Amino acid sequence: MGKSKVLVVGGTGYIGRRIVKASLAEGHETYVLQRPEIGLDIDKLQILLSFKKQGAHLIEGSFNDHKSLVDAVKQVDVVICTMSGVHFRSHNILLQLKLVEAIREAGNVKRFLPSEFGMDPARMGHALEPGRVTFDEKMVVRKAIEEANIPSTYVIANCFAGYFVGNLSQLGRLTPPKDKVYLYGDGNVKVAFTDEEDVATYTIKAIDDPTTLNKTLYIRPPHNILTQSELIQKWETLSGNKLDKISISADDFLASMKGFDLAGQVGVGHFYHMFYEGCLTNFEIGEGSEEASKLYPQVEYTRMDDYMKIYV
């Protein structure tokens, strides 16, 4: 069998552009949805044109034009959606319902990977308000996919290193703190960190793999399952800079939510589940699921020691 033709929806975004790159690198005929809604956003247009230069095909299509979505989907075997679901960018999870309907009508898609790439929403039924909307909406999309009998794979990528590693998992910043670092509780809850390029590589590996069909693919490379304390220690060793550590209790951390806007409140809730509750690692990957680094040992994933070197 030849390699699947791939359509990436949300290809100019943070994870989407990496998936386009990985798809091209793996030799897939790669298509990217070009939405007229980008208007005068020159940065997005130039990203799209750079994809075209690298060999990708641009397909015009809009979520406001059902026929255009159906026509786009009919040209490929696999659809990967990477539309944003975070409140500090844009929150568009339910727009995917239009894409699900287009895939159902087209009837030719062998695999759909909806916009997941974070925590497993199926395990977050207890999540705190207001951040639970992210998980609730992803489950609405999953329900629509399953009711339409669309073959799928859900990719759970856990903590993107760009947002959680360089900043030592501090809220409100992306670079390492210089003097003090806030520790969530005792800092000893295990968290799964992933390099975004590796997320894209594993995702593309999975699309033609029968092992991942109608399953959840967790990206939990063993060397990147670390506590916040271990992450800080790695940074201190690399940088030679010892930081003052200030522990925040779970109650105090949740109380801080009152001082934030909606996006900040969502962030506090998600951080609580990851760094206090341990929702990324407090379960075994069981039946109906696979772990990417075990499934594709040929991928030399980036360890967080190496990832952090760029910040020194």
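What you see is a predicted model; the values in this text were computed from it and never measured. Only this structure's heavy atoms are used, side chains among them; waters, hydrogens and symmetry mates stay out.
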Looking at [X], I'd like to know if its [atom1] atom is crowded, meaning that more than 12 non-hydrogen atoms belonging to other residues, nucleotides or ligands lie closer than 6.0 Å.
X	atom1	value
Lys245	NZ	yes
Gln298	CD	yes
Glu37	CD	yes
Tyr182	OH	no
Gln75	CD	yes
Glu60	CD	no
Ile310	CD1	no
Asp179	CG	no

Distance from [X] atom [atom1] to [Y] atom [atom2], nearest 0.5 Å?
X	Y	atom1	atom2	result
Asp305	Lys234	CG	NZ	3.5 Å
Lys52	Gln34	NZ	CD	8.5 Å
Asn92	Ser115	CG	OG	9.0 Å
Asp136	Met124	CG	CE	10.0 Å
Glu146	Ile150	CD	CD1	10.0 Å
Lys178	Ser239	NZ	OG	10.5 Å

Charged N to carboxylate O under 4.0 angstrom, [X] versus [Y]?
X	Y	answer
Glu196	Arg18	no
Glu290	Lys294	no
Asp43	Arg17	no
Lys309	Asp306	yes
Glu101	Lys98	no

What's the shortest heavy-atom distance between [X] and [Y], and which atoms?
X	Y	result
Pro177	Asn241	O-ND2, 4.4 Å
Gly27	Lys3	O-CD, 3.7 Å
Thr203	Val155	OG1-CG1, 3.8 Å
His273	Ala127	NE2-CA, 3.4 Å
Lys74	Ala106	CG-CB, 3.8 Å
Ala144	Leu97	CB-CD2, 3.6 Å

Please confirm whether the backbone N or O of [Y] pairs with a side-chain atom of [X], one donor and one acceptor, at under 3.5 Å?
X	Y	value
Ser247	Asp186	no
Asp65	Gly61	no
Asn167	Thr175	no
Glu26	Ile204	no
Arg220	Asn158	no
Arg173	Pro176	yes
Thr302	Tyr307	no

*asked:* For a side-chain contact (heavy atoms from CB on, under 4.5 Å) check, start with the C-alpha distance between Leu217 and Leu113, then their side-chain angles and the critical distance, and finish with the verdict.
replied: CA-CA 10 Å; Leu217 180 69; Leu113 287 73; over 6 Å; no
*asked:* Would you say Ser249 and Asp251 are linked by a side-chain donor-acceptor pair, where the criterion is simply a distance under 3.5 Å?
replied: no
*Does a donor on one side chain sit under 3.5 Å from an acceptor on the other, for Thr153 and Arg111?*
yes
*Option passing side chain to side chain contact (heavy atoms under 4.5 Å, CB included) with Trp235 (candidates Val165, Val181, Val312)*: Val312
*Full working for side-chain contact (heavy atoms from CB on, under 4.5 Å) between Cys279 and Arg123*: CA-CA 8 Å; Cys279 70; Arg123 295 182 175 275; over 6 Å; no
_With side-chain contact (heavy atoms from CB on, under 4.5 Å) as the criterion, how do Lys138 and Thr134 come out once you've worked through the C-alpha distance, each side chain's angles and the decisive distance to 0.1 Å?_
CA-CA 6 Å; Lys138 285 181 178 180; Thr134 302; 4.1 Å; yes
*Which ILVMFWY residues are connected to Tyr218, directly or by a chain of links, through side-chain heavy atoms under 4.5 Å apart?*
Ile156, Phe283, Ile285
Is there side-chain contact between [X] and [Y], with heavy atoms separated by less than 4.5 Å?
X	Y	value
Val32	His57	no
Ile207	His28	yes
Arg142	Gln96	no
Glu236	Ile232	yes
Met308	Leu168	yes
Ile47	Val20	no
Met257	Pro130	yes
Ser293	Val299	no

*asked:* Do Val141 and Met139 land in one hydrophobic cluster if side-chain heavy atoms of ILVMFWY residues count as linked below 4.5 Å?
replied: no
*For the hydrophobic clusters of this structure (ILVMFWY residues joined by side-chain heavy atoms under 4.5 Å, transitively), does one cluster hold both Leu33 and Leu95?*
yes
is_close_aromatic([X], [Y]), centroid dist under 6.0 Å:
X	Y	value
His270	Phe135	yes
Phe253	Tyr272	no
Tyr301	Tyr296	no

Output side-chain donor-acceptor pairs under 3.5 Å for residues 187-194, partner residues at least two apart or in another chain, one line each.
unit_1	atom_1	unit_2	atom_2	d
Lys190	NZ	Glu230	OE1	3.4
Thr194	OG1	Ala157	O	2.8
Thr194	OG1	Cys159	O	3.4

*Parallel, tilted or perpendicular: which describes the rings of Tyr14 and Phe160, with under 30° parallel and over 60° perpendicular?*
tilted
*Start with the C-alpha distance between Ile248 and Tyr276, add both sets of side-chain angles, then the distance that settles side-chain contact (heavy atoms from CB on, under 4.5 Å), and finish with yes or no.*
CA-CA 10 Å; Ile248 308 173; Tyr276 290 93; 3.7 Å; yes
